[in-house]
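Here is the structure we will look at, set down as structure tokens.
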Amino acid sequence: MLQIANIRKNANELAERLAIRGLDGQALIAQVIELDERNRAKRTEMETLQAKGNQLSSQIRDMYQSGQKDAGDALKLESAQIKDSLKSLETDVELADKELLQLLLTIPNTPSMEVPKGKTPEENQEVSQWGAKPDLYDGAVPHWELAAKYDIIDFELGVKLTGAGFPVYKGKGAIFQRALIQFFLNEAGKAGYMEVQPPLLVNADSGYGTGQLPDKEGQMYHCGVDDLYLIPTAEVPITNLYRDVILNESQLPIKNAGYTPCFRREAGSYGAHVRGLNRLHQFDKVEIVQIVKPEGSYAVLEDMQNYVQGLLQKLGLHYRVLLLCGGDMGFTSAKTYDMEVWSAAQEKWLECSSISNFETFQTNRLKCRYRNAEGKTELAHSLNGSALALPRIVAALLENNQTAEGIRVPDVLVPYTGFTFIN
RNA sequence: GGUGAGGUGGGUGAGUGGCUUAAACCACCAGUUUGCUAAACUGACGAACGGGAAACUGUUCCGGGGGUUCGAAUCCCCCCCUCACCGCCA
């Protein structure tokens with residue numbers, strides 16, 4: 001959620017930034033400011049009256065204590081009248097605040113000025129590419145066929161147990177997944193991220209804190225009996241560790257990493273492009289999260305982005321880095337890089353990581369603040385990124401490394417798998 | 001699931017209707033002094049929002065929501081959560 005104080009102060013800049021998403025920023029901001037001005041006038045009126053009432057109350061107290069009972073009784077009447085008029089003023093202010101809040105909740109984060117304008121994925125900017133498309137041998141097939149051929153991932157079995165999008169990993173397939181998770185976690189540890197194991201179910205407050213609620217309500221699995229949500233990403237529980245917290249400046253930057261399964265309903269996305277591991281309801285992911293001081297947050301975004309590139313390079317995967325255009329960014333992000341790996345047998349790019357700076361958009365909701373050098377509390381900036389999401393990495397590794405003899409395991413993973421070929 | 005006890009500032013925790021501007025202690029911060037991984041002393045120290053150029057000032061906030069009252073952390077009602085014990089159980 002955008003900060004109202006910031007909107008008041010930097011109206012033009014924010015309007016311009018919203019326009020990067022293809023929205024009418026001027027109109028939105030103008031609407032907010034108009035509501036805000038109206039609300040503040042009302043609030044001042046209410047507070048003046050409250051002050052008067054408080055003053056009367058202490059006068060009444062003094063009179064009773066000095067034995068002037070009649071005078072006190074007279075003031076009581078006046079005080080009761082003030083209370084009456086306060087009642088309607090208070091509801092007015094409450095309604096006005098609610099109206100403003102509702103409006104603010106519908107406004108997405110303001111893109112950073114470096115974000116390209118645009119509305120569709122085609123307008124994303126390719127920043128860089130690494131590696132080259134592998135030359136596959138003649139018998140090369142997509143990963144879902146490899147999965148069946150080597151009996152490492154069973155999609156039908158998952159359908160029996162649960163439904164589509166819940167695959168069962170078997171044998172070397174299961175070990176391969178576990179090896180990747182372990183590799184990603186160890187790398188994160190080496191890069192200074194503290195590992196956490198958060199709960200996989202969260203309450204509604206946490207959902208609101210990181211912005212999944214009310215925006216993406218339908219995308220999360222919900223346990224009605226206990227009113228809890230299955231996490232769609234570790235971003236939710238890990239970032240919410242810092243909800244309602246005032247940090248000391250010396251604690252920043254906070255760097256956390258966590259592995260969790262992720263659960264997504266993916267309502268409405270069916271079709272050929274969801275085949276195999278391309279889109280699942282349950283998948284594994286290692287997530288990195290940072291809570292930092294505002295002034296350095298964009299440098300941190302670059303660090304995180306470079307860190308994820310390093311992982312892909314160690315795995316030897318051909319990838320490209322995209323700077324998302326305004327219209328393709330998530331609701332809460334100010335700047336997002338996507339990483340896409342090349343899937344050699346499907347001959348297309350697969351998104352495997354998304355790294356974003358949220359500036360104060362999440363921390364404003366989370367009330368995640370820190371005490372700066374002057375001792376003032378200030379909202380921190382939050383960032384996160386996938387490092388990495390497993391299924392599409394697995395898909396790319398299976399497809400790109402397939403040979404007539406089997407699937408070659410990348411060197412960096414061999415210490416974790418204990419085998420060099422899936423065959 | 002049963003029974004009981006609780007929810008107060010960054011933390012511990014006092015506070016049963018107005019003198020609370022929320023005590024005290026701890027932590028954090030600043031300073032002084034002594035000097036070796038630090039201690040002692042002194043001082044400052046809740047948050048959000050509003051008004052003001054500023055000094056300053058107003059309002060709200062003691063789990064959440066209602067109510068009683070001129071006045072509520074304090075009294076009443078509803079809800080939520082936590083802890084302890086018992087039961088069940090990995």
Side-chain angles (χ1 to χ4, degrees), chain A residues 1-9 32-105 197 199-209 213 223-229 237 240-252 254 291 293 360 362-380:
Chain A
M1 193 169 70
L2 297 178
Q3 296 171 81
I4 186 68
N6 193 24
I7 293 179
R8 225 178 278 152
K9 213 163 66 187
V32 170
I33 287 180
E34 191 193 325
L35 264 180
D36 177 55
E37 274 170 4
R38 196 193 69 192
N39 293 4
R40 271 152 62 207
K42 271 236 147 55
R43 178 173 300 277
T44 306
E45 197 185 335
M46 178 188 77
E47 288 184 356
T48 312
L49 203 54
Q50 280 174 331
K52 203 170 159 198
N54 289 342
Q55 210 183 346
L56 269 180
S57 280
S58 45
Q59 279 177 22
I60 293 169
R61 179 198 62 209
D62 292 345
M63 285 176 172
Y64 278 128
Q65 283 176 353
S66 62
Q68 302 169 259
K69 186 167 182 308
D70 291 347
D73 286 345
L75 281 185
K76 265 194 195 183
L77 286 173
E78 194 181 338
S79 183
Q81 276 172 1
I82 287 182
K83 196 190 165 188
D84 268 358
S85 21
L86 255 180
K87 234 170 210 161
S88 73
L89 262 180
E90 276 167 354
T91 21
D92 282 358
V93 169
E94 203 177 307
L95 283 175
D97 280 350
K98 208 171 270 178
E99 195 181 338
L100 180 58
L101 179 68
Q102 286 308 318
L103 177 61
L104 284 175
L105 281 175
Q197 285 187 13
L200 306 183
L201 282 91
V202 293
N203 57 29
D205 282 348
S206 296
Y208 281 102
L213 293 174
C223 302
V225 196
D226 294 299
D227 193 21
L228 294 173
Y229 295 85
N240 270 281
L241 294 173
Y242 307 98
R243 168 153 53 86
D244 292 323
V245 162
I246 301 179
L247 298 153
N248 280 324
E249 196 175 7
S250 59
Q251 290 173 272
L252 300 177
I254 284 171
I291 310 286
K293 288 193 265 184
T360 58
Q362 289 184 328
T363 53
N364 187 30
R365 287 199 193 184
L366 291 162
K367 297 204 184 65
C368 170
R369 294 152 291 177
Y370 76 100
R371 224 172 275 288
N372 65 21
E374 293 96 54
K376 291 244 182 195
T377 56
E378 192 176 344
L379 292 176

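Each chain gets a letter, A, B and so on, in the order the sequences are listed, and its residues count up from 1.
- Atom CG in A:Asp62 sits about 9 Å away from atom C1' in B:rG18, given to the nearest Å.
- Between A:Glu78 and A:Gln59 the shortest side-chain heavy-atom distance does not fall below 4.5 Å.
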*Go through A:Val93 and A:Asn39 one step at a time and tell me if the side chain to side chain contact (heavy atoms under 4.5 Å, CB included) criterion holds.*
CA-CA 7 Å; A:Val93 169; A:Asn39 293 4; over 6 Å; no
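- The CG atom of A:Leu2 sits 10.0 Å away from atom CG of A:Leu105, with the distance rounded to the nearest 0.5 Å.
- B:rC81 and B:rG6 make up a base pair, with Watson-Crick or G-U wobble contacts both under 3.5 Å.
- Using a 4.0 Å heavy-atom criterion, one finds that A:Ile60 contacts the bases of the nucleic acid, with or without backbone contacts as well.
- B:rU32 is paired with B:rA40 under the criterion used here, namely a Watson-Crick or G-U wobble arrangement in which both key atom distances are under 3.5 Å.
- Summarising the base pairing, B:rA27 is matched to no nucleotide, lacking a Watson-Crick or G-U wobble pair whose two defining distances lie under 3.5 Å.
- Within the shown strands, B:rG67 is the pairing partner of B:rC75 under the Watson-Crick or G-U definition, both distances less than 3.5 Å.
- For the pair A:Arg61 CZ and B:rA72 P, the interatomic distance rounds to 13 Å; values are reported in whole Å.
- For the C1' atom pair drawn from B:rU16 and B:rC62, the interatomic distance equals 15 Å after rounding to whole Å.
- For the pair A:Leu77 and A:Asn248, both in contact range of RNA chain B, the more 5′-proximal nearest nucleotide belongs to A:Asn248.
- With rounding to whole Å, A:Lys87 atom NZ is found 11 Å from B:rG66 atom C1'.
- Here B:rG10 presents its C1' atom at 17 Å from CZ of A:Arg243, a figure rounded to the nearest Å.
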*How does protein reach along nucleotides 46-63 of chain B, written 5' to 3' as B (base within reach of a heavy atom under 4.0 Å), S (only sugar-phosphate), or - (no contact)?*
-SSSSS------BBS---
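- Nucleic acid contact for A:Lys83: base, since at least one base atom lies under 4.0 Å from a heavy atom of the residue.
- Atom NZ in A:Lys367 sits roughly 16 Å away from atom C1' in B:rG9 (whole-Å rounding).
- When Watson-Crick and G-U wobble pairs are counted only if both distances are under 3.5 Å, B:rA48 pairs with B:rU59.
- Using modelled atom types, no side-chain atom of A:Thr363 and backbone atom of A:Leu379 make a donor-acceptor pair closer than 3.5 Å.
- Rounded to whole Å, the separation between the C1' atoms of B:rA38 and B:rA44 comes to 23 Å.
- With C1' as the reference atom, B:rC75 and B:rC88 are 40 Å apart, rounded to whole Å.
- Look at B:rA54: it lacks any Watson-Crick or wobble partner with both distances under 3.5 angstrom.
- To the nearest 0.5 Å, atoms CG (A:Leu75) and CD (A:Gln55) are separated by 10.5 Å.
- B:rC19 and B:rA23 are spaced 13 Å apart, taking the P atom of each and rounding to whole Å.
- B:rU21: no Watson-Crick or G-U partner with both key distances under 3.5 Å is found in any strand.
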Sequence neighbours left out, cut at 3.5 Å: what donor-acceptor pairs do the side chains of residues 200-207 of chain A make with other protein atoms?
| unit_1 | atom_1 | unit_2 | atom_2 | d |
| --- | --- | --- | --- | --- |
| A:Asn203 | OD1 | A:Asp205 | N | 3.4 |
| A:Asn203 | OD1 | A:Ser206 | N | 3.1 |
| A:Asn203 | OD1 | A:Ser206 | OG | 3.2 |
| A:Ser206 | OG | A:Arg243 | NH2 | 2.9 |

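- The distance from atom CG of A:Asp244 to atom C1' of B:rG11 is 16 Å, rounded to the nearest whole Å.
- Straight-line distance between the C1' atoms of B:rC85 and B:rG13: roughly 24 Å, to the nearest whole Å.
- Nucleotides B:rG2 and B:rG58 place their P atoms 50 Å apart, quoted to the nearest Å.
- In this structure, NZ of A:Lys76 is placed 9 Å from P of B:rG71, rounded to the nearest angstrom.
- The C1' atoms of B:rC41 and B:rG46 are separated by 25 Å, rounded to the nearest whole Å.
- Base engagement by A:Ser57 is indicated by at least one non-hydrogen atom pair under 4.0 Å involving a base atom.
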*Can you list the steps and then say if A:Gln50 with A:Leu89 is a side chain to side chain contact (heavy atoms under 4.5 Å, CB included)?*
CA-CA 10 Å; A:Gln50 280 174 331; A:Leu89 262 180; over 6 Å; no
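- Under the 3.5 Å distance criterion, the side-chain polar atoms of A:Ser85 are matched with a main-chain donor or acceptor of A:Gln81.
- For A:Leu56 and B:rC70, the CG to P distance is 13 Å, given to the nearest whole Å.
- Across all strands shown, nothing is found opposite B:rC88 as a Watson-Crick or G-U wobble partner with both distances under 3.5 Å.
- Of the inter-residue distances, the one linking A:Glu94 atom CD with A:Lys98 atom NZ reads 5.5 Å to the nearest 0.5 angstrom.
- B:rU57 and B:rA22: their P atoms are spaced 14 Å apart (whole Å).
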